[in-house]
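Have a look at the structure below, then the notes.
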Amino acid sequence: MCRLFALTSQDPVSPMLAIKALDVMREGHDGSGVGLFLSGLSGPFEDLTDCPILSGIFTTAGIRRLDKYMMDHDFMTKYKTSTRIFTAPPSGTPKRDVYLARAYEKPEAWKNMPQEQQEEEMVRIRLELRRMGEEKHDMTVFSFWPDTIMIKELGDPLTIGNYLGLDRKDFNARIILAQGRQNTNYAINLYACHPFFIQGICTMTNGENTAFLPIKEFLESRKILGYEGYQSDSEVFTHILHFTLKRLGLGIEAYKHIINPLGDKQIEEHPDGPFLKRLKETCRKLIIDGPNCVIGCLPDKSLFMVQDSKKLRPGVVGGKPGIYAFSSEVCGLDAILPDRDTTKDIQPMHLDTVIVPPTREEIHICRQTDPLHLQH
Amino acid sequence: MSPNRPITPSTLSPKDLPWQIDWNKSKCTLCGQCTTVCPVKAIELGVFRKREVKTPIGLLTPPKNEYSIYYGIRQKTDPAFSCIGCGMCSMVCPNGAIMPLHNDEKDKLIFHKNIGGKPRTRGGRRNESDSVLDRIKFIRISMLTDPAMDAGRHEFNLNTLLGRVLPPEAGLKAFQKNGWVPPVREIYPLIIGGMSFGALSPNMWEGLQMGVAYLNEEMGMPVRISTGEGGCPPRLLRSRFLKYVILQVASGYFGWDEIIHAIPHMKEDPCAIEIKYGQGAKPGDGGLLLWHKVNKLIAAIRGVPSGVSLPSPPTHQTQYSIEESVAKMIQSMSMAWGFRVPVYPKISATSTAMAVLNNLTRNPYASGLAIDGEDGGTGAAYNVSMNHMGHPIASNIRDAYLNLAKLGKQNEIPIFAGGGIGKNGNLAANAAALIMLGASGVQIGKYIMQAAAGCLGSESDRCNVCNIGVCPKGITSQDPRLYRRLDPEKVAERVVETFLSFDTEIKKIIAPLGRSTSLPIGMSDALGISDKDTAERLAIKYVV
Ligand code: SF4
Ligand code: SF4
């Protein structure tokens, strides 16, 4: 099993906080890797909300190739925080040349480009860089998106956090998703590390998606930019959410109806029954299976958690107005938010989607049996 | 050998026959039940003359012959009356005095089953026990990385969809706009495939229908049954049970006059319409109901005179091209029920199946494709068609699914597999293998005949006289003296038991794979086989 921790806070906090929570839960992961998603950035990135930030790991040669590529495409570096480390890496972590998070000013040509097209372009560039990197093994690119930094590395989360100096101001953020990896059946590849990201949508999972292969085949056959290169059975959760929001124009409350549709009897009794029946039929290939707890962040910076239809994985949400955290285990919450009212902690059950909106005032629970808010 | 006993090229000895009757004189009481029950008159009462040489001690009295006669069972060796190994004689014998035994070598009868220049016709199966499906293993076991599901405790969702499913975007758009969408039925993935009223006896048909109705109404399992080509009894057409029935139309259009006329009186729409273009047992041949079986009732339902053989043409005579066959026929059938009923073609598995499939993907009214593999059974066919014609089901289904996946239409056109599923008794495993190769469901025929009615057929050419109306179990006979052996209630009970045990077994397969929320269609990562070429051909894992 992996361990997950996410938090959303009015005031920017250090990602080390989330890593500490992972460390408290270390019995549940084997210290084989850590993945971080940071958004609502403060510090130098705060004012660059319009500038896509490229996150990844590069060799020195890779950086040179990156620079050339970005210059050729008329991107101007606005700010960067690159981490070059000269001490030896901790055991289990490979030696890397550069960890990079670099904000770019968009090219001139994008000025009059519709937003949607710009979003496509950013995915295209990320994919192209990934392909270039895979060819020469000199770049690993996690995200290219405004107000988003992603870091993934192999090794023990706490050790890596200290090694990379993640307590620097540059990394303070209002939204943090962190995963402590339990190495299972897939070979360790940074692209297989959670969280996964596409166009402002990020998710990470504790679980095993046993329906991975047919789902992957279905997503790939959609011919949607970015639905490719699956290295992890959990990556499809991100793309199903992307498909739900962007292609079907539905809200987060529909997500669970796609990945774990209600039974036929429940659908019949549901106020939106006919719609849900249609959704279940047409999205049948996106039904997930196996034990899974998904935590994610939406483009509007809401955080959410959903459980599989049998609730086979742990997950708890708690906090207080201004700061809420999502954790695989209560001990993770206790370590970070000891002064919250624990009686208000929520352990989402098999029908629930728990959402903390960007206002961070309270936790919303959306049950699958509730009516949907559909625009007709 | 007496000099006047003629020997012709076709004179055979019992040793030349596929089955030899082992009769035990000391147990036999000459009750005559075996000779009466034998469906092919392969045995008769025999009068045997026996000579005994009596040689007294000493030289005074010369030895002498004593003659006696005794009665017993004699096996005929005339090819027309050769034993079919059905074993009915042994079933009825009160003393266990008789039993057919299979020849230990290939029989000579096969060379003589063409007396009068007529090649052998028969019913049954291909008589080939090898099965790729049996060799497929389910290798992806969930254990420690993720807990396996519990087949006994967890909730499972095994139902599948029959009907054209729109892609998500189009399906939701049509919902918002209240537009027409193709009809879709949610059904159980194990379907009783087309066996006609006529091919089957009335008792068998009734038993199957009752079993299906019970599964639906009492057990909540949406099991469906295809009529085969032979129409549908008028009472069923006008009953609410019609919704459990897939009406089949084939090249003879038998029974369709009745069906069309019944449309205004139908209380329910049928589940679907299956247009049969081919069947796995005898690709390129139409249905065949020999005159033996065309009695008054059958004739009335089919709308034909009684006592004549009813061969269906190999193809639909009104059509001359695939566009014609697929598009127009599907469209007219859809129209007949106001576009509320899924309509799909059934073809025999063939290397050209992809062309049909590709055509269907472009036809918005096509609701699916049923593919029937070479191991399919039939009530009547030429031996050569059964044994040698046709394409194996596994690779055809796999190709079809991968082809759809490439087009992104794997959720839009369900593929149903038939032919040899459970031929060696491994129904759930075979069905699961096909589903994970990409089938949305499977059709069975022979299996349900064996399980629900005790059909004697096996893969070693046992019985197989379904075509001539003498089925000793009353399954495929129209002779009331034979079919009254079959109690429809008991058949129904066995149907229910078969489906319930299948349901448990399929859960026992998919639960350890960590699947429960949906039928694992196309979950090929769970499959493995110990043959490299097969693994490569099916794009599954090679495991030894
Ligand atoms: S096995 Fe069947 S065919 Fe052969 S003698 Fe017995 S009853 Fe007749
Ligand atoms: S028992 Fe009847 S149905 Fe079965 S093989 Fe014999 S004749 Fe055919």
Side-chain angles (χ1 to χ4, degrees), chain A residues 1 182-186 206-224 233 243-244 247-250 254 258-265 272 274-292 308-310 312-313 350 374-376, chain B residues 140 142 144-150 153-155 157 159-161 163-178 181-182 184 186 220 222 401-402 404-412 414 436 438 440 510 512-527:
Chain A
M1 275 202 275
Q182 171 75 35
N183 187 30
T184 52
N185 39 359
Y186 295 93
N206 170 14
E208 182 82 22
N209 177 13
T210 50
F212 169 57
L213 183 84
I215 296 177
K216 161 185 168 292
E217 285 174 350
F218 186 74
L219 287 170
E220 283 170 344
S221 68
R222 296 307 90 195
K223 309 274 179 262
I224 292 171
D233 60 318
F243 190 79
T244 308
R247 293 295 288 220
L248 302 182
L250 299 170
I258 291 180
I259 57 174
N260 289 149
L262 291 171
D264 297 327
K265 246 191 99 93
D272 294 304
F275 173 80
L276 293 180
K277 185 164 183 286
R278 178 70 52 82
L279 195 65
K280 182 176 175 178
E281 279 172 11
T282 57
C283 296
R284 177 172 55 149
K285 287 279 178 205
L286 298 176
I287 298 175
I288 65 158
D289 219 330
N292 287 288
D308 64 77
S309 59
K310 296 187 172 62
L312 292 168
R313 282 286 142 108
H350 67 294
L374 298 168
Q375 303 101 350
H376 286 289
Chain B
R140 192 209 170 281
S142 299
L144 298 174
T145 55
D146 53 309
M149 301 294 152
D150 183 337
R153 189 168 57 91
H154 282 129
E155 196 183 306
N157 213 325
N159 290 348
T160 193
L161 298 179
R164 180 65 166 249
V165 180
L166 294 180
E169 296 91 332
L172 297 190
K173 199 161 155 213
F175 183 85
Q176 278 154 7
K177 297 227 151 70
N178 230 338
V181 289
V184 177
E186 190 171 326
Y401 180 78
L402 291 177
L404 286 177
K406 207 157 75 200
L407 297 171
K409 290 186 185 280
Q410 63 270 54
N411 191 41
E412 294 171 35
M436 292 181 207
S440 279
I510 70 169
L513 307 180
R515 296 297 303 266
S516 66
T517 53
S518 65
L519 196 65
I521 301 168
M523 188 192 179
S524 54
D525 54 335
L527 301 181

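Note on naming: letters A, B, ... go to the chains in the order of the sequence lines (proteins, then strands), and numbering restarts at 1 for each one.
With a threshold of 4.5 angstrom between heavy atoms, Lys280(A) approaches chain B through side-chain atoms but not through N, CA, C or O. Of the atoms belonging to Asp308(A), not a single heavy atom falls under 4.5 Å from chain B. Neither the backbone nor the side chain of Pro261(A) comes within contact range of chain B, judged by heavy atoms closer than 4.5 Å. Contact annotation for Arg284(A): both backbone and side-chain heavy atoms come within less than 4.5 Å of a heavy atom of chain B. In this structure, chain A has heavy atoms under 4.5 Å from both the backbone and the side chain of Pro168(B). Contacts between Leu250(A) and chain B at a heavy-atom distance below 4.5 Å involve the side chain alone, from C-beta outward. Interface remark: Ala526(B) contributes no atoms to any contact with chain A (heavy atom separation under 4.5 Å). Residue Lys173(B) does not touch chain A at all, counting heavy-atom pairs closer than 4.5 Å. No part of Leu519(B) comes within reach of chain A, as not one of its non-hydrogen atoms sits under 4.5 angstrom from that chain.
Highest contact tally toward chain A, considering only Ile521(B), Asn159(B), Asn157(B), is held by Ile521(B) [criterion: heavy-atom pairs under 4.5 Å]. Among the candidates Ser309(A), Ala211(A), Gly263(A), Cys283(A), the residue making the largest number of heavy-atom pairs closer than 4.5 Å to chain B is Ala211(A). Looking only at heavy-atom pairs under 4.5 Å with chain A, the residue among Ala170(B), Gly522(B), Gly408(B), Ala405(B) that has the most is Gly408(B). In terms of heavy-atom pairs under 4.5 Å with chain A, the best-connected choice from Leu166(B), Asn411(B), Val165(B), Val184(B) is Asn411(B).
Side-chain polar atoms of Ser221(A) and Lys406(B) form no donor-acceptor pair below 3.5 angstrom.
Annotation for Lys277(A): atom NZ does not count as buried by contact number, only 12 or fewer foreign heavy atoms lying within 6.0 Å.
Note that CZ of Phe218(A) and NZ of Lys409(B) are 11.0 Å apart. Values are rounded to the nearest 0.5 Å.
Classification of Arg140(B) and Glu208(A) as a salt-bridged pair holds, one side-chain N sitting under 4.0 Å from a carboxylate O.
Judged by distance alone, the side chain of Asp289(A) and the main-chain N or O of Thr517(B) form a donor-acceptor pair under 3.5 Å. Between the side chain of Asp272(A) and the backbone N or O of Phe275(A) there is no donor-acceptor pair closer than 3.5 Å. A side-chain donor-acceptor contact under 3.5 Å links Thr210(A) to the backbone of Gly514(B).
With sequence neighbours excluded, the residues forming a side-chain contact (heavy atoms from CB on, under 4.5 Å) with Ser524(B) are Leu213(A), Arg398(B), Ile540(B), listed by chain and number. A search for side-chain contact (heavy atoms from CB on, under 4.5 Å) contacts involving Leu262(A) returns His257(A), Gln266(A), Ile267(A), His270(A), Leu276(A), Leu351(A), Gln368(A), not counting sequence neighbours.
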